[in-house]
Every structure is written in C-alpha cells, then in structure tokens.
Amino acid sequence: MIEIKNLSKTFTLHNQGGVVIPVMDAAELSVARGECVALTGASGAGKSTLMRMIYGNYLAAGGSIIVDGVDVVTAEPREILALRRDVLGYVSQFLRVVPRVPTLDVVAEPLLAVGVETEAARDRARNLLARLNIPERLWSLSPTSFSGGEQQRVNIARGFAHTYPAMLLDEPTASLDAANRETVLSLIEEAKARGSAIIGIFHDEAARDRVCDREIDVSVFTPGMAA
Amino acid sequence: MTPLLKVENISKFYGRRIGCKDVNFDLYPGEVMGIVGESGSGKSTLLNCLAGHLDPDTGEVLFEMRDGALRDTVTMSEPERRMLSRTDWAFVHQHARDGLRMNVSAGGNVGERLMAVGARHYGNIREEAVDWLGRVEISETRVDDRPTQFSGGMQQRLQIARNLVTGPRLVFMDEPTGGLDVSVQARLLDLLRGLVREMGLSAIIVTHDLAVVRLLADRLMVMKDGYVVETGLTDQVLDDPQHAYTQLLVSSVLQV
C-alpha cells in the first residue's frame, strides 16, 4: 500500500547563509494492507519529517513514495489532495480548524468530502465523539475554545471518521488518560482489521508493542546519525 | 479531467518595467489557487490580465466555454468577454465599493446581475436576492437598505452575493479580506470556504495574507518582481518553502 524507495531530503536555508542540511538519505520502507509499522529513533532522527513527506507536506529531494499507485514525490497538487481525501489519513498532534465550525461538522467533514450522506456522516461523528468521551453539550460548539486534551481527541475522531486505506499517526496516544488511550488503541486495531496500512510514531512503548507489527529505526536513514 | 482555465505565457509590461512575465498554469474545475507576494510583485497585474481588465502584451488565457471548447479570452470580442464576466466569471474586489453600486439597494445590487443575464420577473428576482442575502448572512430586513448604510464586512458579503448569484464557474478575488477586522475576516473566510465547496467553484485569490491562503487555497503561486518563483500544494509551500523569497515570506509572519 505504501512503498518508499531511495528517498532523500535536504533543507536549504537560503536566508541563513544558504546552509544545506541533509536530513534523510536512501530511506526504504514498505507497508502492506492491515499492517502497522512504528517509526522509531531519537528526537531529530527524522520520524516526523518522513511522515510529512509521505503526506506530501514536505517536498522530497529524490526517490519515490508510492501510496496506492500515486507517487507523492512527483504528483500534482490536485492528485495529492485527492489522495488525502480518499486514501491517506493523517492524525497529527494538533487540531487546525476554521473558526466557527461546530465540532460535529469538523469530525463529519472528511466523510462528506467522500460523498457520504449528511445524516450518516453525522451519526458516525456522534459515535466517535461519544467513544472519545467528548461531552455531548460541546458537539455544537467550535473546538477552538476547547482544552488541549479535548482538541486532541476531536482531532483523533476526525482522523478516524473516514476509513482510510492508509493512515499516518503522529503520537496518537500522547497525554491521553487510560480510558481514551484504550479507545484510540481499539480504533487503530479496527482500522488494521479493515485492512488499513498504518505508519505511526509512538513514544508510548506499551501502545507500540500492542498495535505495531514491526519497527523501523529511521536513524539508519539519517546522514551522520547512523548507529 | 480537462482544465477550466489554461494560462500560457502571460506577460504584461508597463513601459520598460515588468508587470508580470511568462506566467503559465492550468486551473482545474473545483480548484482554488492562491497567488501571494508583496506589494508590487505583479499579483494584481496578473489577476487583472486573467480577468480581462488589462490587456496582456503576450500570451493566452484559454477558458473552457459551456460547450467544452477552449476559447482565448484575450482575443475574443469585448461583448463576448463582457457576457462571460456577467455569467461564468465573477470578480470580488478588495474594496466593496468597486464591485457594488452604492446608490442602489442591497436587493437591487444582487438582482441587477440576475437581470443582466435575462431574469425579468420581479417577484422571482427579489426572492432570489433575499435568498442570497441570507446565504451571506445579511438579514432580509436590510434588503431595501443601500450599501452605504452597511459596515465594511457586510458590504464585502453583499459583493460576494452579487457575484455568486448567477452561478459562475470561475471567481477572481483580489484581497477579499483586506482592510477588515480579524473577527470579520474569519466569518468571511468561513463563508467563502463553504460557498466554494458547495458550488464546486474554481477560484483564483490574490492576497498577501498567508493565513487566508492556508484556509482557502488548494495550491499556491508565489510571485516576486513579476516572476513566479514557486508553486505547489498550499501546505507544502508554506511548511517547506524551497525558494529564498518564499522562505523569507513565511518566516516573516508574526506568530500569535
């Protein structure tokens, strides 16, 4: 489902003397349907950078990232947007939303984008918000005014609303209480059972051991950091 | 899928000074493109060349007509272009007074554009105007008031209603949120985003506000001194800018 070959990345800081920083070289990774792979490595090893490149948020310097047949490295913006809408989900640690949109609509939006009927989309959104213990009285409010933990859970609900065939999870269980952590782990297990290919960053070792099938240490792809 | 708009080698010079040079891009149906750059970068010149307000010195602006044929809007006759700008195209100006008739009622401003495409039944026109005022969150009780009695944010929403009432396929916007309070901006952006989605509009938005494009645009074009220096997916250009100028632009934004 996700096939990464000979991927490299450099950052060129034009306004800081044109410094070129190579951050990744010859990265290889392959994730099959129904499989969950954890990215490991010290802080700064490039875990988030790799995730962002797969999502098309960072531009690769070379190599290829094939997700469901589309090479994210060379795809047109509209092809990447279509991939993100239909195939590739991304749960980041931070919620970024338009002001004024109610929480229920924020969560239902990815479903509406793929053509699910409004009521069915809202039902799924209600179900997810309830499972993640967001009180019903908050559903009609914009999440911009919520606490950090509530925003994180709204973001998770949104990320799992559509059953994406491929998912990127950046610390999905970080700073959650036991009950919500358990819900998120079940959501990941359900996604795997449906056949989603998942790549995740988990600092929570117990969570990683429970849901991940294997680990990839990204520091082997980091120039000057290889062990 | 075929592009709705194909822009080929557009250049515009003001004497020896470059307005914009060698601009090329395709815009697909439903796509929203942002053009960013500082004052004098050529973004407004380009927008005006595309919308037929300025004659480019070189190049073609090919638009897919309703019959599916691509027509060069630069060389088409003035009446044909005027017809396009009343039907399939819309232009939202930065200053609402440039896009509104200030001595005509709000309902009249919206109805006028309908009449320009042949609507004649007064009752239907008024009903449609009230419906559109509602969609841009202007109360029915204000339908007979003139835009001069409206706040800046309301005038801008009225301008949007006037533009979208005929169901255009391509909307040009020049700094649509410029000069508005941030709270008013947020409301306008939310509204625009909803309408763009709902109507499946293609749009080209010129702005110097990076937060506006992050929210509204699918893809981004960065201009400097009349040239396009970088293009790409909006979040990629903003989060991982490649060109020196874009890096400067992104890093210069004050954090709140």
Side-chain angles (χ1 to χ4, degrees), chain A residues 9-21 23-24 46 48-61 65 70 72-85 88 90 92 94 96-102 105-106 108-110 112-115 118 142 144-145, chain B residues 1-4 25-34 137 177 182-194 196-198 200 202 211-221 224 229-252:
Chain A
K9 172 71 189 162
T10 54
F11 287 109
T12 307
L13 309 178
H14 292 288
N15 299 302
Q16 292 179 54
V19 181
V20 178
I21 307 170
V23 292
M24 192 167 291
S48 291
T49 298
L50 179 57
M51 293 260 255
R52 282 167 170 255
M53 279 197 282
I54 300 169
Y55 200 57
N57 180 234
Y58 279 4
L59 200 65
I65 303 167
V70 176
V72 176
V73 176
T74 55
E76 292 287 321
R78 64 196 164 84
E79 294 171 312
I80 294 179
L81 290 173
L83 190 74
R84 289 179 181 181
R85 185 188 61 222
L88 184 62
Y90 181 37
S92 69
F94 304 102
R96 186 173 238 154
V97 293
V98 189
R100 297 210 311 160
V101 179
D105 294 347
V106 167
E109 197 200 353
L112 299 175
V114 293
T118 309
S142 162
T144 42
S145 54
Chain B
M1 195 155 60
T2 55
L4 181 70
F25 68 90
D26 288 350
L27 187 75
Y28 284 79
E31 222 175 13
V32 178
M33 187 173 88
E137 303 171 7
T177 59
V182 280
S183 59
V184 179
Q185 269 191 27
R187 184 174 181 192
L188 190 71
L189 284 173
D190 177 23
L191 182 82
L192 275 175
R193 213 173 108 100
V196 163
R197 290 247 173 120
E198 220 174 277
S202 301
V212 168
V213 285
R214 193 188 277 276
L215 226 53
L216 283 179
D218 300 321
R219 52 192 267 237
L220 212 53
M221 196 155 110
K224 179 169 170 42
V229 296
E230 183 163 354
T231 63
L233 191 67
T234 301
D235 60 279
Q236 184 258 300
V237 173
L238 295 179
D239 294 339
D240 186 19
Q242 307 293 308
H243 189 276
Y245 175 68
T246 319
Q247 291 186 355
L248 185 67
L249 199 67
V250 170
S251 65
S252 305

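Proteins get letters first, then strands, A, B, ... in listed order; numbering begins at 1 in each.
In this structure, A:Arg84 pairs ionically with B:Asp235, as a charged nitrogen and a carboxylate oxygen lie closer than 4.0 Å. Using a 4.0 Å cut-off between a side-chain N of Lys or Arg and a carboxylate O of Asp or Glu, B:Arg193 and A:Glu109 qualify as a salt bridge.
When atom types are taken as modelled, the side chain of A:Glu76 and the backbone of B:Gly232 share no donor-acceptor pair closer than 3.5 angstrom.
Between chain A and the residues B:Ala244, B:Gly30, B:Ser251, the most heavy-atom pairs under 4.5 angstrom are made by B:Ala244.
Among residues 13-21 of chain A, the residues having any heavy atom closer than 4.5 Å to a heavy atom of chain B are, in sequence order, A:Leu13, A:His14, A:Asn15.
From A:Leu59, atom CG reaches atom CD of B:Gln242 across 4.5 Å, with rounding to the nearest 0.5 Å. Taking CG of B:Asp239 as the start and OH of A:Tyr55 as the end, the distance is 11.5 Å to the nearest 0.5 Å. Atom CZ of B:Arg197 sits about 9.5 Å away from atom CG of A:Leu112, to the nearest 0.5 Å. Separating the CZ atom in A:Arg78 from the CG atom in B:Asp218 is a distance of 11.5 Å, to the nearest 0.5 Å.
The side-chain heavy atoms of B:Gln236 and A:Arg52, taken from C-beta on, include no pair separated by under 4.5 Å. The side-chain heavy atoms of A:Asn57 and B:Asp240, taken from C-beta on, include no pair separated by under 4.5 Å.
Heavy-atom distances place both the backbone and the side chain of B:Gln247 under 4.5 Å from chain A. Heavy atoms closer than 4.5 Å to chain B are found in the side chain of A:Ile80, but not in its backbone. Proximity to chain A (any heavy atom under 4.5 Å) is shown, for B:Leu248, by both the backbone and the side chain.
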